[in-house]
Amino acid sequence: MGTVEPQIAAADAKAQTADGFKLVIDALKLNGIDTIYGLPGIPITDLTRRAQAEGLRVLAFRHEQNAGYAASIAGFLTQKPGICLTVSAPGFLNGLNALAHATVNCFPMILISGSSEREIVDLQQGDYEEMDQLAIAKPVAKAAFRVLHAEDIGVGIARAIRAAVSGRPGGVYLDLPAKLFAQSIDAELGKKTLIKVVDAAPKQIPAPEAVKRALDLLRSAKKPLIILGKGAAYAQCDTEIRALIEKTGIPYLPMSMAKGLLPDTHEQCASAARSFVLPGADVVMLVGARLNWLLSHGKGKTWGGKAAKDWGGQKFIQIDISPQEADSNVRIDAPVVGDIGSCVSALLSGIGSNFAKPPSEWLNAVSEKKNANIAKMGETLAKNPSPMNFHSALNVVRDIVKANPDAMFVNEGANALDFARSIVDMYKPRKRIDVGTWGIMGVGMGYCVAAAVVGKGPVIAVEGDSAFGFSGMEVETICRYNLPVCIVIMNNNGVYKGTDKDPTGRDPAPTVFVKGARYDKLMEAFGGVGVNASTPAELRKAMEEAIRSGKPTLINAVIDETAGTESGRITSLNPTAGKKK
Ligand SMILES: Cc1ncc(C[n+]2csc(CCOP(=O)(O)OP(=O)(O)O)c2C)c(N)n1
Ligand SMILES: [Mg+2]
């Protein structure tokens, strides 16, 4: 009897306290966060276990970088910060690439890393995984915070959430030292310290005079063009954007991840006439699109300028949430600053119902060019060369995506990316996710996991064989969680193509891989379905079966190793490319 009572007393006392682990989990849950992408180890192993026990979905990866990319794209798809959880120093550094990626791409994400003892780290006394992580994260994060006391966990998480999603979203770092998790405070008190963030991403209404200035310029245009960026896709105001495009009758270009905001088959879509509309337009309205390298900085020959840096003569309207974006590369005549939804709504009400459609000479010229290019592409796609090339393989993917418009489409590589972007039409918003602002390789399998978890439907990934290698081990993760992911590897035996030779004859060239590699066998190793496809018919059959069954599938599509070009479509950025011509 004497031994029972103290035990009960101890259990009671425990129930009345909350430790750091619990407060972190409760703070996340309180803010509607239901998924963690991470990799366990000291000091966060118990955090992953207890989060799972408390009903959060914890997806454990084989490398933190992939967990980070998954978190970043989950943020893009949901407007809630994607959470990546890592251990200290090396795990943190593995996640850091994804944090930078999130910041550069304006995706809301929080990298939460455990860290070693502050006293030892700061005196550089050589602790286990010693590193001043906060200092290292700062330059690549939108914001970075550290929490030292259990009673500050609520504030730390609230600040991280606000920083990630408000204004222009980005990557946020949250440093949680090991000692924090073991700290206990009174449970009632602890509960009171938690913050449910109210209106995390407040609307930002554009100034009426900015809207009027933009509409006046748009009305004056003879050859207007609208460019939709991934900011427009992120904003989830799809109906308003469609109304703006259709009410104005202006041709539009979707940037890669804005494809499908309106179906790519929309009659006003000018993607197939890109090199005609960019230099030809007189007024360009950018909606959540930055004039960075992907748009040739708004100047130069792409825009009809005489030389590389010359202005093409266009006037620009720029809708962006960040006031600093305007004039980043060329003069912006009408900046409209606010969240995309509020800005587009304001423009729509300003336009009313009688906006004069652009002159028919412009519209006819655009559709003539577009139809000619589509017809030319049609001829190329209809060919059935042996061995299979990018076009004949992607023609199959194009049909499968058309038949499954709700499928998420992941895409990375050089030629595998560029060809897929132009050949595979998208039909619904936020279905295409790819290499983004940096043209980064390695996002593939992390994106597949997040797309399957968030999108709840099938995922199709078109991967260059090099691109796939950066995250290939995550096929085990895909099999472990039994996710409906169909990976198609465009296997041309290398980076860009598989034909390079070492001039000395000693080694394989830096751009080539093992010839005839069978990536499909990797999938089989973990119980998934592997298929080797050397013809479009085999590829079609395997993709249809993968979608039907929902089983993790990897199709090794054998592509002509001579088919690619150096750097895909961006050969001009490659300093050595000139020599090759
Ligand atoms: C992290 C990272 N490392 C390296 C590169 C350089 N890079 C650009 S595309 C590419 C791979 C292209 O080969 P593959 O994925 O096989 O596509 P292909 O052109 O052969 O279809 C590489 C390594 C990059 N973009 N990102
Ligand atoms: Mg390749």
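Atoms within each ligand, like the ligands themselves, are counted from 1 in listed order. Since we're looking at a predicted model, the values are computed, not measured.
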Practice problem: Output yes when the distance from some N or O of ligand 1 to some N or O of Ala467 is under 3.5 Å, and no in every other case. | Solution: yes

Quiz item: So is Gly439 close enough to ligand 1, meaning a heavy atom under 4.0 angstrom away?
Solution: yes

Quiz item: Please walk me through it: do Ile478 and Val449 pass side-chain contact (heavy atoms from CB on, under 4.5 Å)?
Solution: CA-CA 6 Å; Ile478 289 167; Val449 172; 3.9 Å; yes

Self-check item: Proximal ligand 1 atoms for Val495, defined as those under 4.0 Å from one of its heavy atoms
Solution: 11 (C), 12 (C), 13 (O)

Exercise. Return the residue, atom name and 0.1 Å-rounded distance of the protein heavy atom closest to atom 16 (O) of ligand 1.
Key: Asp465 OD1, 2.6 Å

Self-check item: Cationic N near anionic O, under 4.0 Å, Lys402 to Asp425
Solution: no

Self-check item: Heavy atom of the protein closest to atom 4 (C) of ligand 1 (residue, atom name, distance)
Solution: Phe470 CZ, 4.1 Å

Exercise. Would you check the N or O atoms of Ile440, main chain and side chain alike, for any that come under 3.5 Å of an N or O of ligand 1?
Key: no

Quiz item: If hydrogens are left out, which of His101, Met441, Lys497 has an atom nearest to atom 5 (C) of ligand 1, that is, the closest non-hydrogen atom?
Solution: Met441

Self-check item: Glu412 side-chain N/O to Val443 backbone N/O, donor-acceptor pair under 3.5 Å
Solution: yes

Self-check item: Per atom 14 (P) of ligand 1, closest listed option by heavy atom (Gly469, Gly444, Ser466)
Solution: Ser466

Quiz item: Would you find more than 12 non-hydrogen atoms of other residues, nucleotides or ligands less than 6.0 Å from Lys376 atom NZ?
Solution: no

Exercise. Give the atom name of whichever N/O/S atom in Asp465 sits closest to the Mg ion (ligand 2).
Key: OD1

Quiz item: Within the structure, does Ala414 bring an N/O atom to less than 3.5 angstrom of an N/O atom in ligand 1?
Solution: yes

Quiz item: Taking atom types as modelled, is there a side-chain donor on Asp560 or Asn389 under 3.5 Å from an acceptor on the other?
Solution: no

Quiz item: Got an N/O contact under 3.5 Å between Gly494 and ligand 1?
Solution: yes

Quiz item: Is ligand 1 less than 4.0 angstrom away from at least one heavy atom of Phe419?
Solution: no

Quiz item: Can we say Asp434 and Arg421 salt-bridge, meaning some charged N sits less than 4.0 Å from an Asp/Glu carboxylate O?
Solution: no

Quiz item: Does ligand 1 have an atom that lies less than 4.0 angstrom from a heavy atom of Trp438?
Solution: no

Exercise. Take atom 22 (C) of ligand 1 and look for protein heavy atoms under 4.0 Å from it; say yes if you find one, no if not.
Key: yes

Practice problem: Ignoring hydrogens and angles, state whether a donor on the side chain of Arg274 or Ser422 is under 3.5 Å from an acceptor on the partner side chain. | Solution: no

Quiz item: Is it true that a side-chain atom of Glu474 and a backbone atom of Arg62 form a donor plus acceptor pair closer than 3.5 Å?
Solution: yes

Quiz prompt | Ionic contact status for Arg548 with Glu545, cut-off 4.0 Å | solution = yes

Quiz item: With a cut-off of 2.8 Å, does any N, O or S atom of Phe513 fall short of it relative to the Mg ion (ligand 2)?
Solution: no

Quiz item: Which of the listed options, Phe468, Phe390, Tyr496, holds the heavy atom that is closest to atom 8 (C) of ligand 1?
Solution: Tyr496

Quiz item: How about Asn492: does one of its N, O or S atoms come closer than 2.8 Å to the Mg ion (ligand 2)?
Solution: yes

Exercise. For atom 18 (P) of ligand 1, find the nearest protein heavy atom and state the residue, atom name and distance (0.1 Å precision).
Key: Asn415 N, 3.7 Å

Self-check item: Lys/Arg-Asp/Glu bridge criterion (N-O < 4.0 Å) met for Arg290, Asp320
Solution: no

Exercise. Please check if any side-chain donor atom of Thr437 sits under 3.5 Å from a side-chain acceptor atom of Asn105, or the reverse.
Key: yes

